[in-house]
S.K.: 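One structure is given below, represented as structure tokens, and several questions about it will come after.
Heavy-atom basis, side chains included; hydrogens, waters and symmetry copies ignored. We number each residue from 1, following the sequence as shown. All values derive from a computational prediction rather than experimental measurement.
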Amino acid sequence: MAGRKTGDEKKAAFHVPDDVRALEKLIKHHQQLYYNGEPEISDSEFDLLWDKLKEVDPENPVFSKINSETADGFPKEYHLIPMGSQDKAADPGEFYAWAGKQDFSEFIVEYKLDGASIELQYEKGEFVKGVTRGDGRIGDDITPNVSKMGGVVKTLPGEYGPEGAHPFSGGVRGEVVMFRSVHRRFFSDKANCRNAANGIMKRKDGEGCSRLSVICYDAASGMPGSPFSGYAPFSDEIEKINWLSMCGFTTVPWKICSGADEVVNYRSRVMESRASLDYDIDGLVVKGRKIDPSDLARSRPEKQIAFKFSLEEAVSVLREVEWSESGATYTPVAKIDPVRLAGTTVRRASLANPNVISELNLKIGSHVLVTKRGEIIPKIIGLVETPPGSADVPVPHECSVCRTELCNEGTRLYCPNEECPKRILHRLEKWIAVLSVRDFGENLLRRLFEKGLVHSISDLYLLTVKQLEDIDRMGKISAAKVLRSLHSKKKISLSAFIAGFDIEGIGETMTEKLVQSGFTSLEKFFAASAEDFAAVYQFGPVLAGELSAALKKLRPEMEKVVGVSGITLTSPAVSGAPFSGKSFCFTGELSSMKRQEAENLIRSLGGQAKSSVTKDLSYLVTNDPESGSSKNRRAAELGIPVLSEDGFLKLVEEAGKAGSGGKAGAGKKEPARGKKTGDSLQIELGIDT
């Protein structure tokens, strides 16, 4: 899981000028946009500009001057309570990291309202001003409009009012919201409640403001340097929220949680129930019980955090579990009530393996937390609650094809029968897929298997045109084309060869790690012990043992395949190969070749092909860097270079020349003009496939 960006990483992604005048001009520009409801940058990016100017010119007039000339004409006013940006946790991992740094174990948790922040200012118990958030220090004085809104207490009661013993002078902070029922009845033409409320609250004529409401959650007597000072009628956060309620303000629901785990579980329950609320919330605000004025005065308080709801998380109900069969392995897949995740409707989610079901204690009917991050299949990551009477999840006990009793290792449920037809067919399919053999589709492979013509990978290379043309009237020309496609793969990388034998947990990426560690020939793989494999990074003793045992069983077949196919196995030099130490990830479509061909090209030059964007990735390759895909976003966050397809091909060409002494493609016939296939490109560059 990626951590939050450091200041340097943020500055790398967002330009912060060093020149004082440029900084001042940029801050004023973005203040003006923010004041008028048209911000172009995030709060955190504005903070970077503000902090930089404070660092290089702490006495700059921008820190004290109020710009009263705005497009909407509202006067400007200082806040009594600083309304800076809250730090945010986007998921439980980030929240736990924050909670671990706090010196309190008891958390006050409140709903985080999704509206527009407002500060209600009081002088001796009387409401005097309503000020928008603005830049967090200075906002718009929209008092006439705020006075019309529901939930605004004009005169505080009892001892806190004008005639009381301790009349309150200070600020009350809240959120201007439009209730969903109001939106449906009067403003259904607006996209959502938040947009409608933001537009109406700053109307010059104040029309519609009476249909808005203010819900409050914070208060403070006059802060240092403010024109107000007064008695603080509360000593901690609980007394504060109770005081607000007693004064007549509408307040947010709150809960005391005794630990971080309880906060995370409460968040899941609120996520499930928030659809029933009459106002929008987008997370929780979590803080300690003790009031810390110095922390409150910070532009970004450290002792409270916004624990956000993610668009990529939702709570649903587990209705059924299907067991997906792939080769020998049975993988549980959950069927859930439909939920919206990251803009899509999700009805199925991965459960990974039997251990997930038992560890989470899932049952049919359980309320579960579902996530969809990146470009992976949605998966269940937590249990919210299980209603009484929920049924156990049924787990298959025998193979659906050979009826052998399944082996349940917790992390994997599989058929142990090496001769299971389903297992053999899957290995054949894996071989064709890894080698990216064209024209050899799954249907043809299945028909050959069912007719008994192929039972192993080596059988594929013993097929004749006559045998193929008799399959459903394929014909001699089509049969010859299929075999030509199969036999054209004469040079195969060692990692692809081993991965093609469908060893559980051993794909090309893992095999490449072994090759890069010195296992550069098939003979070295056969001679290695489980302990030798276990010494390689990311190869634990279990996976190393399974690989060692599988190689012993498969050795005769592997040697036979090499003998009957005429295949030559290639492996890049452990060091010195053009792409040695470099890794590539692809997103979107390529126009000149299939993704599998591009990945084989990378491997042939000593590089690694990855399926996801990680911090150690060298390049992301895409023809649409502005698509907003999760891979593009992740690459931008990590500062990973992005290549277009043309840029990638240029890099490959340069690598090919470097690998052949600058004579790539010398003496070879130039391929036909037009789109190059992966094979023709490799031929042109003199690269083995």
Side-chain angles (χ1 to χ4, degrees), residues 327-328 418-472 474-504 506-508 511 514-515 519-528 547-571 596-597 600 603-604 678-679 682-683 688-689:
E418 294 285 346
E419 295 302 313
C420 176
K422 179 161 59 71
R423 189 170 189 164
I424 295 170
L425 178 59
H426 190 267
R427 177 171 291 157
L428 295 170
E429 293 170 343
K430 181 68 175 288
W431 178 262
I432 295 298
V434 168
L435 268 61
S436 192
V437 178
R438 296 177 180 177
D439 306 312
F440 219 122
E442 288 185 7
N443 289 336
L444 173 59
L445 196 60
R446 186 172 290 105
R447 293 200 299 271
L448 291 169
F449 180 76
E450 290 170 351
K451 288 181 176 292
L453 294 175
V454 293
H455 191 262
S456 63
I457 294 173
S458 59
D459 288 342
L460 292 170
Y461 294 91
L462 300 176
L463 287 170
T464 65
V465 171
K466 176 63 177 172
Q467 288 174 317
L468 282 177
E469 67 176 313
D470 290 340
I471 300 292
D472 293 346
M474 175 178 281
K476 183 176 293 186
I477 294 176
S478 295
K481 183 180 179 182
V482 167
L483 290 181
R484 187 163 56 248
S485 179
L486 175 66
H487 287 279
S488 68
K489 306 290 183 177
K490 287 299 184 185
K491 291 187 177 182
I492 300 173
S493 71
L494 178 59
S495 58
F497 179 86
I498 292 175
F501 277 81
D502 197 26
I503 302 170
E504 182 69 24
I506 307 296
E508 286 184 78
T511 312
L514 295 170
V515 173
F519 299 92
T520 53
S521 69
L522 198 55
E523 289 70 27
K524 289 182 179 180
F525 270 88
F526 292 150
L547 173 59
S548 178
L551 287 171
K552 287 182 172 63
K553 292 179 182 177
L554 292 170
R555 178 171 183 171
E557 172 65 2
M558 287 181 168
E559 291 176 336
K560 184 176 181 181
V561 169
V562 173
V564 300
S565 66
I567 286 173
T568 299
L569 300 181
T570 65
S571 63
Q596 181 69 50
E597 294 170 332
N600 288 340
R603 295 183 183 103
S604 71
D679 290 342
Q682 290 168 319
I683 291 171
D688 292 335
T689 59

S.K.: Ignoring hydrogens, what is the shortest heavy-atom contact between Leu522 and Leu494? Give both atom names and the distance.
M.R.: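 Residues Leu522 and Leu494, closest heavy atoms: N-CD1, 3.9 Å.
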
S.K.: Please round to the nearest 0.5 Å and tell me the distance separating atom CD1 of Ile506 and atom OG of Ser495.
M.R.: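 It is 12.0 Å, given to the nearest 0.5 Å.
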
S.K.: Mind checking what makes salt bridge (Lys or Arg N to Asp or Glu O under 4.0 Å) contact with Glu419, not counting sequence neighbours?
M.R.: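 Expected list: none.
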
S.K.: State, yes or no, whether a side-chain contact exists between Leu448 and Leu468 at a heavy-atom distance under 4.5 Å.
M.R.: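 Heavy-atom side-chain distance check passes, below 4.5 Å.
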
S.K.: Could you measure the distance from the NZ atom of Lys560 to the OG atom of Ser565? Nearest 0.5 Å is fine.
M.R.: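 Between Lys560 NZ and Ser565 OG, I get 11.5 Å after rounding to 0.5 Å.
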
S.K.: Looking at residues at least two apart in the chain, or sitting in another chain, which of them share a side chain to side chain donor-acceptor pair (under 3.5 Å) with Arg484?
M.R.: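 For Arg484 there are no side chain to side chain donor-acceptor pair (under 3.5 Å) partners, ignoring immediate neighbours.
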
S.K.: Kindly determine whether Ile503 and Leu554 satisfy side chain to side chain contact (heavy atoms under 4.5 Å, CB included), including the steps that lead there.
M.R.: CA-CA 10 Å; Ile503 302 170; Leu554 292 170; 3.8 Å; yes

S.K.: Supply the atom-to-atom distance Leu445 CG to Glu450 CD, rounded to the nearest 0.5 angstrom.
M.R.: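 The distance works out to 10.0 Å.
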
S.K.: The criterion is side chain to side chain donor-acceptor pair (under 3.5 Å); which residues satisfy it with Lys524, sequence neighbours excluded?
M.R.: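 Expected list: Thr520.
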
S.K.: Considering residues at least two apart in sequence or located in another chain, which fulfil the side chain to side chain donor-acceptor pair (under 3.5 Å) criterion with Lys552?
M.R.: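 So Lys552 forms a side chain to side chain donor-acceptor pair (under 3.5 Å) with Ser548.
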
S.K.: Check whether any side-chain heavy atom of His426 lies under 4.5 Å from a side-chain heavy atom of Arg423, and answer yes or no.
M.R.: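 A side-chain contact is absent here, since even the closest heavy-atom pair is not under 4.5 Å.
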
S.K.: Looking only at heavy atoms, which two atoms of Lys490 and His487 are closest? And how far apart?
M.R.: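 The answer is CE-O, 3.0 Å.
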
S.K.: Can you sort out the partners of Glu418 under side chain to side chain donor-acceptor pair (under 3.5 Å), two or more places apart, ordered by chain and number?
M.R.: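 Glu418 satisfies side chain to side chain donor-acceptor pair (under 3.5 Å) with Lys553 only.
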
S.K.: Could you tell me the separation between the CG atom of Leu428 and the CD atom of Glu442, rounded to the nearest 0.5 Å?
M.R.: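 Taking CG in Leu428 and CD in Glu442, the distance rounds to 11.5 Å.
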
S.K.: For Ser478, check side chain to side chain contact (heavy atoms under 4.5 Å, CB included) against everything at least two apart and list the hits.
M.R.: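 Ser478: side chain to side chain contact (heavy atoms under 4.5 Å, CB included) contacts with Met474.
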
S.K.: Is there a side-chain contact between Leu486 and Leu463, using heavy atoms and a 4.5 Å cut-off?
M.R.: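 A side-chain contact under 4.5 Å is absent here.
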
S.K.: Within this structure, what is the CG-CG distance for the pair Leu460 and Leu483, rounded to the nearest 0.5 Å?
M.R.: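 The CG atom of Leu483 is 9.5 Å from CG of Leu460, to the nearest 0.5 Å.
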
S.K.: What pairs with Lys422 under salt bridge (Lys or Arg N to Asp or Glu O under 4.0 Å), at least two apart in sequence or on another chain?
M.R.: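 Lys422 satisfies salt bridge (Lys or Arg N to Asp or Glu O under 4.0 Å) with Glu325 once adjacent residues are dropped.
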
S.K.: Report the residues that fulfil ring pair (Phe, Tyr, Trp, His ring centres under 6.0 Å) with Phe501, sequence neighbours left out, ordered by chain and then residue number.
M.R.: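 Scan of Phe501 (ring pair (Phe, Tyr, Trp, His ring centres under 6.0 Å), adjacent residues dropped) gives Trp431, Phe497.
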
S.K.: Kindly state each residue pair satisfying ring-ring contact (aromatic ring centres under 6.0 Å, His included) with at least one member in residues 432-455, sequence neighbours excluded.
M.R.: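 Those involving residues 432-455 do not exist here.
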
S.K.: Only counting residues at least two apart or in another chain, list the ones meeting salt bridge (Lys or Arg N to Asp or Glu O under 4.0 Å) with Glu557.
M.R.: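 By the salt bridge (Lys or Arg N to Asp or Glu O under 4.0 Å) rule, Glu557 matches no residue at all.
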
S.K.: Kindly write out the residues that satisfy salt bridge (Lys or Arg N to Asp or Glu O under 4.0 Å) with Glu504, not counting sequence neighbours, or none if the list is empty.
M.R.: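 With neighbours one apart ignored, the set is Arg412.
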
S.K.: Among all residues two or more places apart in sequence or in another chain, which pass the side chain to side chain contact (heavy atoms under 4.5 Å, CB included) test with Ala528?
M.R.: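 Per chain and number, Ala528 pairs via side chain to side chain contact (heavy atoms under 4.5 Å, CB included) with Phe519, Asp532, Phe533.
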
S.K.: The test is side chain to side chain contact (heavy atoms under 4.5 Å, CB included); show your working for Lys489 and Ile567 and say whether it passes.
M.R.: CA-CA 7 Å; Lys489 306 290 183 177; Ile567 286 173; 5.9 Å; no

S.K.: Without swapping roles, check the side chain of Ser488 against the backbone of Ser485 for a donor-acceptor pair under 3.5 Å.
M.R.: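 Flag set: sc Ser488 to bb Ser485 pair under 3.5 Å.
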
S.K.: Of all the heavy-atom pairs spanning Glu508 and Ala496, show the shortest one and how long it is.
M.R.: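 The pair with the smallest heavy-atom distance is OE1-CB, 3.6 Å.
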
S.K.: What is the distance from atom CD1 of Ile457 to atom CG of Asp502, rounded to the nearest 0.5 Å?
M.R.: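 Going from CD1 on Ile457 over to CG on Asp502, the span is 8.5 Å.
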
S.K.: Quick check: do Met558 and Leu551 have side-chain heavy atoms less than 4.5 Å from each other?
M.R.: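 Met558 reaches Leu551 side chain to side chain.
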
